[in-house]
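Order of listing sets the numbers, starting from 1, for every ligand and every atom in it. The analysis underlying the following values was restricted to heavy atoms, covering all of them including side chains, and did not include hydrogens, waters or symmetry mates.
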Amino acid sequence: MQVSSAISGMKESATLAVSAKAAALKAKGVDVVGFGVGEPDFDTPEPIKRAAIRALEAGQTKYAPTPGDRAAREAIAHKHRTDNGIDCSFEHVTITAGAKHAIYLALQVLIERGAGNEVIVPTPAWVSYRPLVELAGARCIEVPARLEHGLVVEPGAIERAITPRTVGIILNSPSNPCGITLPAASMRAIADVLARHPQVTVISDEIYEKLVYPEVTPGIAHWSIGSDPRLAGRTITVNGMSKAYAMTGWRIGWMCAPGDRGGFAREAIKLQGQMTNSIASFALPAIVEALTNGAAEVERMRAVFARRAQLIGRLQASIPGLVAPPSSGAFYTFPSVASLLGGRTAGGRVLDSAQAFAEALLEEHAVAIVPGEDFGECARAHVRFSFACSEEQIIKGMERVAAFVAGIRQEIPTVTGTG
Ligand code: PMP
Ligand code: GLU
């Protein structure tokens, strides 16, 4: 059968691949410590589940309007106005099958195929941005951040990457995979740059908005770039239920695009209507419940993640060769292992890449992590740990990592990369 080159040339999601591999080993009875997939280990809070169950019991089993019903869209618009300072109404919101789907829609609507469009992605960045940008028909232009700068991208580097062909930029703070929240001053400096380039649409992926840790970096806070009046008309804010409410399997995300008097949102809804229609209709009341009454549960989970961020930071700092900024957001740490590459493991494997490092760690010590390569060119010597697991698992896993690293013997010249 024919397969298009756009799809055959696309990479598989590295994060999902690691999680499938770890799950397969677990099913065989191997005691794997899973630092792989970025998925909260908590269950969805009970009142949110009850809202969907009530809707099902009341017969809410039919198609809903493509962008979602009015109540759920109003709840999301209200959240953006009050939490984020984004001037919007329900008509600017479409509810999608996860934030991933919202990013897909935004890029499909934005990019003119075959016109040489470019989309800037500060890296290290989440593995799905590049494939989705390329699938929509644009070039993905990476702007690497430096480890010496705590993986915070330099606004000047963004400005230097902007050309007349630049149609968009994808920002993601708190960041997957970096595990950092961009300091307010950096975000505002990026906004200053973007304000000077009116042809650039901003896609702000704020899926980790609620997972920010002033306990790790005092004073750190989330700021939505769509609240900047200079950018409000050309910022698409993407968010969802997956991370803050422990609802990954529900597949609920959204985009909020107030610009163009709602014109961009209408085009996205048109595409969605030819694609998936609405999300599962009985899930819509769960959004209203979560956004109206869920704040205490979100804070309870955030506080647990903050303790885990501190714990994994301490344990990681005691392992020579792992160098990362402190985790001030999301649930990741993204150390460089550059100084360990080129070595040979106790099991005899040669560590010639982050991929080899991750594979050897899984095979020799049953710890699943994601290798850095697919997070960007500058991330080739990094690996990602997701700490969305218990403190016991974190301690056990990092003991294994320490034993693994202690067994590495240097043999061949070190591979270079960030750090
Ligand atoms: N953006 C980022 C940065 C992510 O890490 C994820 C995780 N899956 C998503 C978007 C998509 O989330 P979902 O589709 O589950 O809403
Ligand atoms: N975003 C999460 C991760 O990076 C979930 C998997 C995915 O969709 O990539 O692990």
Can you list the ligand 1 atoms lying under 4.0 Å from a non-hydrogen atom of [X]?
X: Asn176; result: 3 (C), 4 (C), 5 (O)
X: Ser242; result: 13 (P), 15 (O), 16 (O)
X: Tyr129; result: 3 (C)

**OP:** Using atom types as modelled and distance alone, determine if a side-chain donor or acceptor of Thr66 lies under 3.5 Å from a backbone N or O of Asn277.
**Re:** no
Subject >> Nearest-0.5 Å distance that lies between atom CD in Glu359 and atom CD in Glu364 >> reply: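 Separation between the atoms: 11.0 Å.
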Subject >> NZ-CG distance between Lys100 and Leu105, expressed to the nearest 0.5 angstrom >> reply: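 Output value for this atom pair is 14.0 Å.
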Per-atom contacts of ligand 2 with [X], taking only distances under 4.0 Å to non-hydrogen atoms:
X: Val37; result: 5 (C), 6 (C), 10 (O)
X: Lys243; result: 1 (N), 2 (C), 5 (C)
X: Leu16; result: 6 (C), 7 (C)
X: Tyr332; result: 2 (C), 3 (C), 4 (O)

Subject >> Cationic N near anionic O, under 4.0 Å, Lys210 to Asp83 >> reply: yes
Original post:
Would you say Arg384 and ligand 2 have an N/O pair spaced under 3.5 Å apart?
Top reply: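 Yes, at least one N or O pair falls under 3.5 Å.
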Subject >> Nitrogen or oxygen of Val127 less than 3.5 angstrom from that of ligand 2 >> reply: no
Original post:
Lys79 and salt bridge (charged side-chain N to carboxylate O under 4.0 Å, His left out): which partner among Glu209, Glu206, Glu74?
Top reply: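 Exactly one pass, corresponding to Glu209.
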Please check if any side-chain donor atom of [X] sits under 3.5 Å from a side-chain acceptor atom of [Y], or the reverse.
X: Thr96; Y: Gln272; value: no
X: His80; Y: Trp254; value: yes
X: Gln60; Y: Ser281; value: no

Original post:
For His78, does the NE2 atom sit with more than 12 other heavy atoms under 6.0 Å from it, leaving out its own atoms?
Top reply: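 Not more than 12 within 6.0 Å, no.
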Give me the nearest non-hydrogen protein atom to [atom] as residue plus atom name, then the distance to 0.1 Å.
atom: atom 9 (C) of ligand 1; answer: Trp126 CH2, 3.4 Å
atom: atom 7 (C) of ligand 2; answer: Thr15 OG1, 3.4 Å
atom: atom 12 (O) of ligand 1; answer: Ala99 CB, 3.9 Å
atom: atom 14 (O) of ligand 1; answer: Arg251 NH2, 2.8 Å
atom: atom 8 (O) of ligand 2; answer: Lys100 NZ, 2.9 Å

**OP:** Could you tell me whether the side chain of Asn176 reaches within less than 4.5 Å of the side chain of Arg384, counting heavy atoms only?
**Re:** yes
**OP:** Please work out whether any backbone atom (N, CA, C, O) or any side-chain heavy atom from C-beta onward of Trp250 is under 4.0 Å from ligand 1, and answer side chain, backbone, both or neither.
**Re:** neither
Subject >> Proximity winner for atom 7 (C) of ligand 1, if only heavy atoms of Lys243, His101, Lys100 are counted >> reply: Lys243
Original post:
Just going by heavy-atom distances, which of Asp205, Thr96, Val37 is nearest to atom 1 (N) of ligand 1?
Top reply: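 Checking each option, the heavy atom nearest atom 1 (N) of ligand 1 is found in Asp205.
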**OP:** Indicate yes or no: does an N/O atom of Asn172 lie under 3.5 Å from an N/O atom of ligand 1?
**Re:** no
Original post:
ligand 1 and Tyr332, any nitrogen or oxygen pair closer than 3.5 angstrom?
Top reply: no
Original post:
Stepwise, does the side-chain contact (heavy atoms from CB on, under 4.5 Å) test hold for Ser89 with Arg73?
Top reply: CA-CA 8 Å; Ser89 83; Arg73 294 168 82 199; over 6 Å; no
**OP:** Take Val18 and Val37 through the test side-chain contact (heavy atoms from CB on, under 4.5 Å) and record every step on the way to the result.
**Re:** CA-CA 7 Å; Val18 167; Val37 73; over 6 Å; no
Original post:
Which part of Asn176 is near ligand 2, with near meaning a heavy atom under 4.0 Å away: side chain, backbone, both or neither?
Top reply: side chain
Original post:
Going by heavy atoms, is Gly98 under 4.0 Å from ligand 1?
Top reply: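 Heavy atoms of Gly98 do come under 4.0 Å of ligand 1.
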Original post:
Can Phe331 be said to touch ligand 1, with heavy atoms closer than 4.0 Å?
Top reply: no
Subject >> Residue pair Ala97 / Ile279: nearest heavy atoms and the distance that separates them >> reply: N-CG2, 3.7 Å
